[in-house]
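Here is the structure we will look at.
In the text below, chain A, chain B and the rest are named by the order of the sequence lines, each starting its count at 1. The analysis underlying the following values was restricted to heavy atoms, covering all of them including side chains, and did not include hydrogens, waters or symmetry mates.
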2 protein chains.
Amino acid sequence: MNPNRPSPNRPVYLKLRDQIAAAIIDGEYAEGAMLPSVRALAAEQGANPLTVAKAYQQFQNDGLVEVQRGVGMYVVTGAAERLRTADREAFLRTEWPEIRARMERLGLNPADMTMAD
Amino acid sequence: MNPNRPSPNRPVYLKLRDQIAAAIIDGEYAEGAMLPSVRALAAEQGANPLTVAKAYQQFQNDGLVEVQRGVGMYVVTGAAERLRTADREAFLRTEWPEIRARMERLGLNPADMTMAD
DNA sequence: CGAGGTGCATCAGTGCCATAATACAGCCAT
DNA sequence: ATGGCTGTATTATGGCACTGATGCACCTCG
């Protein structure tokens, strides 16, 4: 019935990526700490190690995690802050305008939206 | 770099569906009026007629448009209102909580978000 | 009746995603 | 040194969603 906006079949590696990013921002994966091995996280999430690796990859490309080959992947210091600010900017620039337009069309006002919906 | 939340490759038929829904809500496709033929809209949007048909299909399933075989598809009376209310409810129930959580994580507050940015 | 417009069904092709099974390369504690 | 843990590369395979092309059934109008 509804527009079903969030893509129905979000790829697993993207879900994992979001989930990991959230964990870093929240400090669940503390800076300097080693994040779960691809095999461990794969087993925990019921996914394939390669899929987890694919999710991890983007973070190392962005220099947010550091790979110590044969040891593990570690969260770089300052990763949480960098991640949050970059995320926020991207959100405001690309997502928010659409959301705002959508809400306006539906007769909703963000300013009126508090904890209670 | 960023989570890239809105699925990068949003399927065409979903984009069309959103676009059509918006047109109905805004009255651009008036109630009782016939909406563009699948071929016409396909040509205009540079898409495949089948893709447009797929976008239209959901509206007829929901009884928002009426098909006169061999003639065209017409917007049912009351479609705009029904569509908006259903959309709004769905938005508040499924999308908004996620958006709110996401904003909170990024240190944003909907109440502070006005027309600016 | 015939031409041109409708929606709709069918089949096939394409690309991304996820999985699997190995194998390799590096590090570390025992 | 050896076993066990890391990440990584390779190749192959299956599934699924999306797209594309064609043809058919139906209606309207002249």
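A salt bridge does not link A:Arg102 with B:Asp18: none of the charged nitrogens is closer than 4.0 Å to a carboxylate oxygen.
The side chain of B:Val38 has C:dG7 as its nearest neighbour among C:dA20, C:dG7, D:dT6. In the set D:dT19, C:dA20, D:dG20, the nucleotide with an atom closest to the side chain of A:Leu50 is C:dA20. In this structure, the nucleotide among C:dG7, C:dA20, C:dC8 sitting nearest to the side chain of B:Gln60 is C:dC8. Comparing D:dA21, C:dA21, C:dT6 by their nearest atom to the side chain of B:Ser37 picks out C:dT6. Here the nucleotide nearest the side chain of B:Val67, chosen from C:dC8, C:dT6, D:dG20, is C:dC8.
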Check the pair A:Asn109, A:Met103 against side-chain contact (heavy atoms from CB on, under 4.5 Å), reporting the backbone distance first and the verdict last. CA-CA 7 Å; A:Asn109 190 345; A:Met103 292 180 69; over 6 Å; no
Begin from the C-alpha positions of A:Val75 and A:Leu64 and carry the test side-chain contact (heavy atoms from CB on, under 4.5 Å) through to its verdict. CA-CA 6 Å; A:Val75 181; A:Leu64 294 172; over 6 Å; no
For A:Tyr56 and A:Leu35, run side-chain contact (heavy atoms from CB on, under 4.5 Å): C-alpha distance rounded to whole Å, both residues' side-chain angles, the deciding distance at 0.1 Å, then the answer. CA-CA 10 Å; A:Tyr56 277 162; A:Leu35 28 78; 3.7 Å; yes
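A:Tyr74 has its OH atom 11 Å from the C1' atom of D:dC5, to the nearest Å. For the pair B:Tyr56 OH and C:dA9 C1', the computed distance is 19 Å after rounding to whole Å. Taking atom CZ of B:Arg17 as the reference point, atom P of D:dC18 lies 10 Å away to the nearest angstrom. To the nearest angstrom, P of D:dG7 lies 10 Å from CG of A:Leu41. Between B:Lys54 atom NZ and D:dC16 atom C1' there is a gap of 10 Å when expressed in whole angstrom units. Straight-line distance from the NZ atom of B:Lys15 to the C1' atom of D:dT19: 13 Å, rounded to whole Å. Remark: P of C:dC27 and CE of A:Met34 are 15 Å apart, rounded to the nearest angstrom. As rounded to whole Å, 18 Å separates atom P of D:dG7 from atom CD of A:Gln58.
Taking the side chain as every heavy atom from C-beta outward, B:Arg17 and B:Phe59 approach each other to under 4.5 Å.
Atom CD of B:Glu66 is surrounded by 12 or fewer heavy atoms from other residues, nucleotides or ligands within 6.0 Å. Residue-environment remark: CD (A:Gln45) exceeds the threshold of 12 foreign heavy atoms within 6.0 Å.
Residue A:Asn48 places at least one side-chain N or O closer than 4.0 Å to OP1 or OP2 of C:dA20. Taking only side-chain nitrogens and oxygens, A:Thr51 never comes nearer than 4.0 Å to OP1 or OP2 of C:dC17.
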With B for base contact, S for sugar-phosphate-only contact and - for none (protein heavy atoms under 4.0 Å), nucleotides 23-30 of chain D reads ---BBS--
